[in-house]
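Right, one structure below, let's go through it.
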Amino acid sequence: MIAINEIIGMVLMAIGLLFQVLGAFGLIRLPDVYNRLQAATKSITLGAISIAIGVGVAEPTLLPKALIVAFFLLLTNPIISHGIARAAYRSGVPLWKGSVIDQYEKALERSGKGGDPQ
Amino acid sequence: MLKRPVALFLSIVLLMGAWLMLTTSLHYQEIIAGVLVSVSLGIALHSILPKAGKGNTISRIFYFLLFFLVLTKEMIVANFDVAYRVLHPKMPIRPGIVEVRPKIRSDMGRLLLSNAITLTPGTLSMDWIDDRLYIHWINVDDKNVDSSMEPFDKVVGEVFP
Amino acid sequence: MNGYEWIFYGGIMALMAVGIWAILSRRNLIKAIMGLVIIETAVNLLLVAVGYVNDRSAPIVNGDTGLGDSPVGEVVDPLPQALVLTAIVIGLATTALALVAAVGYFRSTGTLELKSFTYGRTDETEVKE
Amino acid sequence: MMERSTIQRSLPALAISILIAGTLFLAFVEIGFGENKVDSEDAVANRYIANGTTETGSSNLVTSVVVNYRGFDTLGEVTVLFLAATGVGAMINLLPEDGKKRSKGPKPSLIMTQGGMLAIPVIALFGTYVFLHGHLSPGGGFQGGVIIATAFLLYLIAKPDAKTSHRTLSLSESLAGLSFIGIGLIGLAVSGIFLDNVIEGFGVLGELVSGGLLPLIYIAIGIKVGSEMSGLVEKMRGDAS
Amino acid sequence: MTVDPVLLIVIPLVAAFLVPITSIFMKGLAKWIPLLGLIGMAVVMALDFGDLYDGPVTSITGGFGPPWGISIIMTPFGGLLATGMIGVALFVMISEIDGKKRAHQTVYNTMVMMATTGAVGMVITGDIFNMFVFLEITAIAGVVLAAIPRDGHEKGLNWRGAAVYALVGGVASFLVLAGIALLYGATSTLNIYQIAERIEGVDTFVVGAAFLTMFIGLGIESELFPLNGWAPEVYRGSKWGTGSLFSGVIGKAGLLALLRISFVVLSPGLENGIVMDILLWVGAATYLFGEAAAFSSKDLYRVLGYSSIGVFGLLVASFSLGVADGIRGGTMLLLGHMLAKPILFSMMGFAGRKKKGDVPLSSLKGLIRSSPSAGIIMTIGILALIGMPPSPTFWGKYFLFSAAGSEGQWLLISILIIGTLFEAGYLGRMLFNIFDTRKERKADTLPLARGIMGALFVFFIFLIGFLPGPLEDIITFVIAELIDPLNYISWGSI
């Protein structure tokens, strides 16, 4: 007989995995760096948090550690994808040709601290 | 060293909490070691922590919890949004970078706001220039640019103005 | 023993072959250093694989594992894991030095290709008698 | 001088690599994977498993092997890291100027700076936790030291112009290394054996204060590795700016 | 008097860790700390040397005897080699004391000391994984040494040497590690003597594979024939002291490790004599290749580098003959090379110090007139390297020829003769240049420290050449170690 918390944990982990797969799928399908980052960040953050909490629920002694991991992921993952997006833009990776608006470019030129996008 | 007593106190308490969660033990040796480690790390590092602004403590705690509820909901919505866009055969996307002007002034608040924006449906924060935030939006709505940061500007602003 | 255990060593050795091949066939220093790192990874995996015993847990007796003070028959071999720790550190040191040397080579010659790295073909003509 | 084509060079390389890897593969398959070799009396590891906890007082058997049974290896390992840090520093000083002026990159954004600052204390705490609990749970001085160096690296990413004290780093590195050797020499003085764990019975198995000198050695290693890796990062930054 | 041989490793480590502190507080002192460390090693070695006449000196570390802890077994062979290595390192470091300021002297001295420590550790340790760790210490110090250019040398060749050595040395060490994993998997132990004990029960193919990896890995370190493409690059771009260390310390440690692993550990697990045959012909090929390449090179650094490669081949060949006289000859050749090569490197570094880029043979022209002391010391070094009596090399070649003759290895003898002719060719050219006084050359005083060290090594050459007798007792043990693995096993199981 499997305990109820183990079942919940398994379900959480399965959901997490599903989101991760979706994120990976988005990474392949979406057109440019920025759109891909969107998909990757959201799905992978939630997926990883879900897996961590799933592990914590299934094995209650690990719950505090799992919570710390979840918080840390929540804090750092968006920062990392922000860093990648910013660096990509500043080193000249173009937006997808179907993009409708780019107010960032002008702002960079205006502020003059844009480094040198070639 | 003691220019920011609140930050010092908070960092020591939070570090101690993290220590207890890591060790998952209330043995006296662990607690002594934890106090030593978190006090010394707190004293050494509290001055580099982001500035959080001023406000009423009770309402800040309330809004902080509210923030987490909203964030959780938005994250789940965001994932279904991603799933929809990725799995839809035509890929309904209309990407672009827009400029918004949040009212938040504190560093901490700006950090949380941009993180929350990255995790919510269809948006990714790119950069802060002066007091403007630039957001990569997967489905641009030209008319109502502020809707890209809709749920958070107010809540975060209440916690870290 | 289910008869498919060779697949672990097979994967590790495939990595090793890729690494050696990269070093031997590439004249570009950075690519060769990548080969070195791949070999390093393969050997680390190899060490862990040598110490593994089927259906056993990690060699830690405290807390969550629920093992007694003398867990004979219950844990895997701790020795290779200790060796891997050393090997990782050594790999790091080797890689760091190789990379700095590659930077130096690039800055002094303007290229990363080790073209004439063969016997007797190093430009002897530069010597003026 | 004729340059050989890529294929001409690749094929012998392929043959050699397949020869070496194939030979090793067949040899390792002969040894077997996952078979029980540690329980026999002949295996060295048998004693580590059977008596490791009582002989060293450490609940993490890998730690007991790393720090006590094979502590001499670990001393060598620390030396390798020391040499790498010194050597990389020296070689960076030797690098020729390439005449190019490096433009300073754009300043890191607010998100990066503030996020990094928020994460640093947590990372430092985790690093400390890892090396203080090396004898109880997975991890140890090397891992903890590297985690602390990560916090330092994050600091440099968030504030590329920050002033760092090279003196403090090399001072703590040296002192930690000397105290590791000093602990070893205590053993040599007391029982005539280098790196002997002279107070092995000290403390209760599984508690934080246990394992005799092991935690002390791991703390020394943690500080040393942390400052060494930080120094490495710092020297590499010195070249880039 | 016996001192714990672990101090041979601990003292230099203390010195190395003291260097950063000293360079903060007493900058002038920092570069001499490594010298103090080396002197400490030399003192320990001197105190222990007498005991080697009675057999190996042993010690344990970590509180547990072998095979559980790491034991140190300084066999007489290892002790003899360690003494020579410390001597070479002292020679290199003391020769540079001349009041001149040199760039990067602190790092250079530290690395000289650490390379020596690693090499000494490799030859005295009784644990195969510990040997790997020391191999790495040596290799990493070697990379840094190779990257330090000689004074005023501006061609970037040092970087080429360093990069190539870092790459090839890295591959070597990880192949060695793979071999160690194999041996551990097969025998469940890491102690050299215990592996040797159990190797006969191991499948022949496994032992063969272990031999393959060990041969490639340690063969790279000891510059054997198909594996030594990196060596000339290193010799060509670095300081003369680095050259002396690679030929006298780093390569020698790899050589002893290769011999010990092959003969003591792996040979009993394979077909009788196959390991010896492989090594014999690899050594002979290396000798021929090295001497021929040295003969055709024009840059003095590479001449000496290739000549060292040749000597490595000669050493491997003579130890692999598997007879007492061969090992006797090999030991003598080893000592002769360790004494003569640093002299040549040092004097060549002195004569060609003002050259940028490669140092042609002609820079030795008229050395005997411009600086008679350097000329005389170098002449003696050259003669000692060819094997003029009475030098250790003479005895070495004498024993080697008689051993090869009694074994009926006529092919080997002809290779030896051809190699010696090449050797005489390029060394003779150097001699002619030294005594060629047609070209006027400004007077040049040899720095005192360099002269003293050169004279000291010349003295040792004559000492061993005239009185090889006292070494005979140690050589008996060397023969015992390499001929019969049981001896090593009984020494190791303390």
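Within every chain, numbering begins at 1; the chains are lettered A, B, ... in the order of the sequence lines, protein sequences first and strands thereafter.
- Considering only heavy-atom pairs separated by less than 4.5 Å from chain D, the leading option among C/Leu85, C/Ile90, C/Leu83 is C/Leu85.
- Residues D/Tyr218 and D/Phe131 keep their aromatic ring centres 6.0 Å or farther apart.
- Contacts of D/Phe142 with chain C are made by side-chain atoms alone, with heavy-atom separations under 4.5 Å and no backbone atom involved.
- Neither the backbone nor the side chain of C/Ala87 comes within less than 4.5 Å of any heavy atom of chain D.
- Each of D/Ala45, D/Ser58, D/Ala84, D/Ala50 has some count of heavy-atom pairs under 4.5 Å with chain C, and the biggest count is that of D/Ala50.
- In this structure, the portions of D/Phe25 lying under 4.5 Å from any heavy atom of chain C include both its backbone and its side chain.
- In this structure, chain D has no heavy atom under 4.5 Å from any part of C/Leu99.
- Among the candidates C/Leu46, C/Thr94, C/Leu92, the residue making the largest number of heavy-atom pairs closer than 4.5 Å to chain D is C/Leu46.
- Of the atoms belonging to C/Tyr9, heavy atoms from both backbone and side chain fall under 4.5 Å from chain D.
- Residue C/Val76 touches chain D through its backbone alone, counting heavy-atom pairs closer than 4.5 Å.
- Between the side chain of D/Thr56 and the backbone N or O of D/Thr53 there is no donor-acceptor pair closer than 3.5 Å.
- Most heavy-atom pairs under 4.5 Å with chain C: of the set D/Asp73, D/Val88, D/Leu232, this distinction falls to D/Val88.
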